[in-house]
Amino acid sequence: MRTKIKSILHSKSPELFLEKEVTIAGWIRTVRDQKSFAFIEVNDGSCLANLQVIIDESLKNPDFTTGASISVTGKLKQSPGKNQALEIHASTIRLYGKSDPAKFPLQKKRHSFEFLREIAHLRPRTNTQGAVLRIRNALAFATHLFFQKRGFLYVHTPIIAGSDCEGAGSMFRVTTLDPTQKNKDFSQDFFGKPAYLTVSGQLEGEIIACALSDVYTFGPTFRAENSNTSRHLAEFWMIEPEMAFADLKDNMECAESYLKFCVQYVLENCIDDLQFFDQFIEQGLIERLIHVKETPFEHLPYTKAIEILQKSSQNFVFPVEWGIDLQSEHERYLAENYFKKPVILTDYPSKIKAFYMRSNDDGKTVAAMDVLVPKIGEIIGGSQREERLDILQQKILDFGLKSEDYWWYLELREFGTVPHAGFGLGFERLILFVTGMENIRDVIPFPRFPGHADF
Ligand code: ATP
Ligand code: MN
């Protein structure tokens, strides 16, 4: 039976494997030919490290080249080399698939991330992408662990939405109508009306929270905004907790604890991959993560943040005045330069936030919160929701929306309304934050962005 390399190299008691026969399988990373024997480095993706295989003259094969797939059976021995503790002395090797070294695109040198994006089918075989995907997996697991431990239910909200209820941005249309047909009649369309891909599961999350108390969604989210930035994707994954009988304070506590839990989880479970990122992607990464985990986040009302930005000597591209929607340059200045840690901004002007956020008593601001982190800016956006029927009705009118479209949302306030709050976290931004990677296109295996929908 095949053993994963991780369970050998990361075993709590590797001595149990010593002098025993094991079979591993994976892809050849490098071959170093010596006179009477050869070293083959094999990687199977289960961990960053390769396992070194030693083969003697009789097993040598010119088809053992970088990229080829093999399985190896042999005795595991202590390695005299300084780079690894264990190695396999091969007794048999099976070649599964050759890989012509003259044609194989992944050479030993480091490739640019731009180049690697063009070969998304081979990119997972690189150290960086392997580490990203293992951390992505760990963060997904940590997300479920965190919310499940707190008694949140994982709920599934629809991917096809009837309308842009949240107003979160441009949507992709879902239709079975003939695209060449002019003057389309959407009453003849599949759903009998226009339909779109979801931009958020929040409103449906609220419905379920207003019955089951604490819930979260974790699903794909689509935005057709033409944002060609290193922090936006057209298809990304969002985690959206929603809590009944909770206010903005509870919301902030949940967001901060969740981020810290994720950081703690990868520090405990993915240290090899983090060390790799610390060495090759962002120097000081691990120190930064420990700092995040141990330092209370700064809490600050929007109005105070505007004052800080106005007093700063920074030359912002977008001028700062009360009422503006903060740009990522402003958000990053606050988190990165001014406070040097994650910041939770609250109480934004109602005009720049969605209609459902709870009005504050000042009549100008709402109980919104954005979590801003160094390097990225906004990683979480959330709020306490307006639970008062009359105020919500007025807000819907003020925002030029139609009450009929929100009849069910209003009924949640009519029948047994409760204070409730929640937030949305962009999963890929969390991965950027934890790995130090610079571009969001490199932390999802098959990125979707303007002009890019192929594999
Ligand atoms: P931004 O201002 O950065 O475009 P937003 O305010 O439009 O974000 P929200 O509607 O608040 O985003 O969505 C909640 C979270 O989802 C954001 O805090 C962010 O982490 C993530 N997010 C939003 N849009 C995208 C996107 N296009 N690609 C990846 N993540 C996104
Ligand atoms: Mn937001």
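Whatever order the structure lists them in is the order used to number ligands and atoms, beginning at 1. Small disclaimer: the values here were computed from a predicted structure and weren't measured.
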Lys/Arg cation over aromatic Phe186: Lys193, 6.0 Å, 45° cone: no
Going by the order shown, which atoms of ligand 1 are within less than 4.0 Å of some heavy atom of Glu225? 27 (N)
Atoms in ligand 1 flagged as close to Arg231, the criterion being non-hydrogen separation under 4.0 Å: 3 (O), 28 (N), 29 (C)
Aromatic centroids of Tyr406 and Phe355 separated by under 6.0 Å: yes
Between Ile379 and ligand 1, which residue portion shows a heavy-atom distance shorter than 4.0 Å: side chain, backbone, both, or neither? backbone
Going by the angle between their ring planes, with limits at 30° and 60°, are Tyr154 and His144 parallel, tilted or perpendicular? perpendicular
Verdict with supporting geometry, Glu282 and Lys375, salt bridge (Lys or Arg N to Asp or Glu O under 4.0 Å): CA-CA 11 Å; Glu282 179 193 332; Lys375 295 196 65 173; 3.4 Å; yes
Taking only heavy atoms of Ile380, which atoms of ligand 1 are found under 4.0 Å from at least one of them? 18 (O)
Can you tell me if Asp370 has an N, O or S atom under 2.8 Å away from the Mn ion (ligand 2)? no
Measuring from the heavy atoms of Glu428, does anything fall under 4.0 Å of ligand 1? no
Nearest neighbour of atom 30 (N) of ligand 1 from the list Phe449, Phe236, Trp237, Phe222, on a heavy-atom basis: Phe236
Please could you name the atoms of ligand 1 that Gly424 approaches to less than 4.0 Å, counting only its heavy atoms? 14 (C), 15 (C)
For His232, the ligand 1 atoms with a heavy-atom partner under 4.0 Å come out as 1 (P), 3 (O), 4 (O), 26 (C), 27 (N), 28 (N)
Do we see a donor-acceptor contact under 3.5 Å between the side chains of Asp398 and Gln394? yes
My understanding is that we take every heavy atom of each candidate and find the minimum distance to atom 19 (C) of ligand 1. Doing that for Arg429, Gln327, Arg448, which one comes out nearest? Arg429
Do Phe449 and His232 have ring centroids that are under 6.0 Å from one another? no
Ignoring hydrogens and angles, state whether a donor on the side chain of Ser257 or Arg150 is under 3.5 Å from an acceptor on the partner side chain. yes
Atom name of the N, O or S atom in Glu378 that lies nearest to the Mn ion (ligand 2): OE2
Give the single entry among Gly382, Gly426, Ser328, Ser383 that approaches atom 21 (C) of ligand 1 most closely by any heavy atom. Gly426
Polar-atom distance check: Leu233 versus ligand 1, any N or O pair below 3.5 Å? yes
Report yes or no: does Val199 have a heavy atom closer than 4.0 Å to ligand 1? no
With distance as the sole criterion, is a donor-acceptor pair present between the side chains of Gln279 and Gln275 under 3.5 Å? no
For Met238 and ligand 1, does the shortest N/O to N/O distance drop below 3.5 Å? no
If the cut-off is 4.0 Å to any non-hydrogen atom of Ile440, which atoms of ligand 1 fall inside it? 29 (C)
Using 30° and 60° as the class boundaries, would you call the ring planes of Tyr302 and Trp322 parallel, tilted or perpendicular? perpendicular
Only heavy atoms of Gly381, strictly under 4.0 Å: list the atoms of ligand 1 that pass. 18 (O)
Please verify the inter-ring angle class for His330 with Phe316; under 30° counts as parallel, over 60° as perpendicular, anything in between as tilted. perpendicular
Tested for ring pair (Phe, Tyr, Trp, His ring centres under 6.0 Å) against Phe427, the lone hit among Phe433, Phe218, Tyr258 is Phe218
